[in-house]
Protein chains: 2
Amino acid sequence: MKIDRTVVRSLALFDKMADADLDRLLSHATSRRIPQGEAVFEQGQEATSFFLLLHGRLKVTQVTEDGQQIIVRIVHPGDLFGFAKALRRSDYPGTAIAAAESVALSWPTEIWPDFVEQNPRLAVTTMQTIGQRLEEAHTRIREMSTQEVERRVAHVVWRLCQQAGKREPNGIRIDFQISRQDIAEMTGTTLFTVSRILSAWEARGLVEGGRQKLLVRDPEGLSQLAEGAKE
Amino acid sequence: MKIDRTVVRSLALFDKMADADLDRLLSHATSRRIPQGEAVFEQGQEATSFFLLLHGRLKVTQVTEDGQQIIVRIVHPGDLFGFAKALRRSDYPGTAIAAAESVALSWPTEIWPDFVEQNPRLAVTTMQTIGQRLEEAHTRIREMSTQEVERRVAHVVWRLCQQAGKREPNGIRIDFQISRQDIAEMTGTTLFTVSRILSAWEARGLVEGGRQKLLVRDPEGLSQLAEGAKE
DNA sequence: CGTACCCTTGAGGGTAGTCAAGTGGAGTGG
DNA sequence: CCACTCCACTTGACTACCCTCAAGGGTACG
């Protein structure tokens, strides 16, 4: 399948790559449409491909043996994901589900070494990405250890604002369907607590809720909450 | 400073490396003794070196702006640590403190590229290491989200058993000084709760405590607790 | 022997989890 | 177009786990 290089040219990941190299890379790629609610891959499944999200939004989840679920991260357009093999894992550690209609490129894991070799920048970028991911995880651990729920929720919503926010007349819209349950799984709490917190915020004019919708009316106030402002 | 290659030869990291290459690598290294309680590097400090722990035990900690502290991980002999630059960070994200008298090799960060280039195995191993680290972090997040404190403490102690355990007539000794506070900072709880839990375990014959000491008398029982056995 | 520092234990209270019941919006099918 | 159903969400009551604070004991070390 031929993929037009202009589609990916705008991504930071590829912006320094020569057209010829890029074409060669893309010649091995296949494009895939993922309808909302469908999984790109499932936890424990053998890792046969790695991916690049072009459009849409994914939730990466993990479930424990006893059925509890958490959201590991949200994949945004331009992010690499599912590169388990790069970390020498043979299976995917989590499940990637489309939170919105999405489009991703995929490559067979076998070509990962070529992928990296042909473009050393990629190796560096990948390292950085994983490093960032590790830092984020540590931040999350720190927050879960030391901060109370409301502040953690504020932080998550604030980050979603920056990574998936869309300007609207009344504030910033989180640009994909996200439930209270999702937010709970991102912050280590329950959907009830999240609901109560959002209700309280709505009463204060900070946000505006809805079924799987969220509009932040006062980003400034939210950020202050996330930073630990007393009230 | 000349470092004898036999010192590091036994480490998995180097076991496939030719003597000549190893010598070249070691020619750039300096050895450093860290007395108990002293820091190898501090959080926020510019990353000028990366390290390999030869002997002893380190605690890597992070502090939040408001002074709360957590233990990110324990460094065991044979582990690489402080390779911030590999992740394109200019400063160390945490503080590394010697929990016991320790010895580490250090290299200037500038030679990291050479380090990796001369031995591709190292690049792979490092990737793996970081990947593992990321997985551990996610495990920890999952546990903090879904499990209660006692089980988290059981899990941490169980892992310390495996990574820093020393057989003794009555059980397995955690082979370095570790306080209740330390365990609290590893599990996201308080020293009071840890103390209570350990006391309860001691009453059940699971462990034997002491001032900064811990002996696991019933590893089997502990592992069951960590796995979620009801009682 | 004195003095830190680590640990233990108790009492009390608050944050957030659990459970239950009910509301309302979105989508579906008649 | 309307009724029906499903499911996300809300809200209340209750509970409990664990944090906070306070006081005291034990152990290592100078």
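All chains are named by letter (A, B, ...) in the order of the sequence lines, taking the proteins before the strands, and each is independently numbered beginning at 1.
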**Five-pair end axes of the helix from C:dC7-D:dG24 to C:dG30-D:dC1 and the angle they enclose, rounded to 10°** = 40°
**Message:** Under 4.0 Å, heavy atom to any atom of DNA chain D: which of residues 175-185 of chain B qualify?
**Reply:** none
**Prompt:** To the nearest Å, how far apart are A:R151 CZ and C:dT15 C1'?
**Reply:** 16 Å
**Message:** Among residues at least two apart in sequence or on other chains, which ones pass side chain to side chain contact (heavy atoms under 4.5 Å, CB included) with A:D91?
**Reply:** A:R89
**Request:** Go through the structure and list residues passing salt bridge (Lys or Arg N to Asp or Glu O under 4.0 Å) with A:E148, not counting sequence neighbours.
**Result:** none
**Request:** Round to the nearest Å and state the distance from B:M144 atom CE to C:dA16 atom P.
**Result:** 13 Å
**Request:** Answer yes or no: is there an ion pair linking A:R33 with A:E101, defined by an N-O contact shorter than 4.0 Å?
**Result:** yes
**Item:** B:Q212 CD - C:dC5 P separation (whole Å)
**Value:** 12 Å
**Whole angstrom value for the distance that separates C1' of C:dG24 from NZ of A:K213** = 12 Å
**Asked** CZ of A:R211 versus P of C:dT23: gap in Å, rounded?
**Response** 16 Å
**Message:** For a quick check, with a 4.0 angstrom heavy-atom cut-off, what is the B/S/- contact string for nucleotides 11-18 of chain D, read 5' to 3'?
**Reply:** BBB----S
**Set of residues satisfying side chain to side chain contact (heavy atoms under 4.5 Å, CB included) with respect to B:T64, sequence neighbours excluded** = A:R142, A:T146, B:D66, B:Q68
**Request:** Report the residues that fulfil side chain to side chain donor-acceptor pair (under 3.5 Å) with A:S106, sequence neighbours left out, ordered by chain and then residue number.
**Result:** A:T30
**Prompt:** So, A:E208 and A:R217, do they make that salt bridge, N to O below 4.0 Å?
**Reply:** yes
**Request:** Using atom CD1 of B:I197 as one end and atom P of D:dC19 as the other, report the distance to the nearest whole Å.
**Result:** 9 Å
**Partners passing salt bridge (Lys or Arg N to Asp or Glu O under 4.0 Å) against A:R173 (at least two apart in sequence or in another chain)** = A:E168
**Asked** Quick one: side chain to side chain contact (heavy atoms under 4.5 Å, CB included) partners of B:A184, sequence neighbours excluded?
**Response** B:T189, B:V194
All N/O donor-acceptor pairs, side-chain side in residues 45-58 of chain A, below 3.5 Å, sequence neighbours left out:
unit_1 : atom_1 : unit_2 : atom_2 : d
A:Q45  : OE1    : A:E42  : N      : 3.1
A:R57  : NH1    : A:H76  : ND1    : 2.6
A:R57  : NH1    : A:Q163 : O      : 3.3

**Asked** For B:R211, which residues count as a side chain to side chain contact (heavy atoms under 4.5 Å, CB included) partner, sequence neighbours excluded?
**Response** none
**Request:** Quickly work out the B:L198 CG to C:dT8 C1' distance and round it to whole Å.
**Result:** 11 Å
**Request:** Check side chain to side chain donor-acceptor pair (under 3.5 Å) between A:T95 and all other residues, then give those that pass, not counting sequence neighbours.
**Result:** none
**Request:** Could you tell me the separation between the CG atom of B:L191 and the P atom of D:dC21, rounded to a whole number of Å?
**Result:** 13 Å
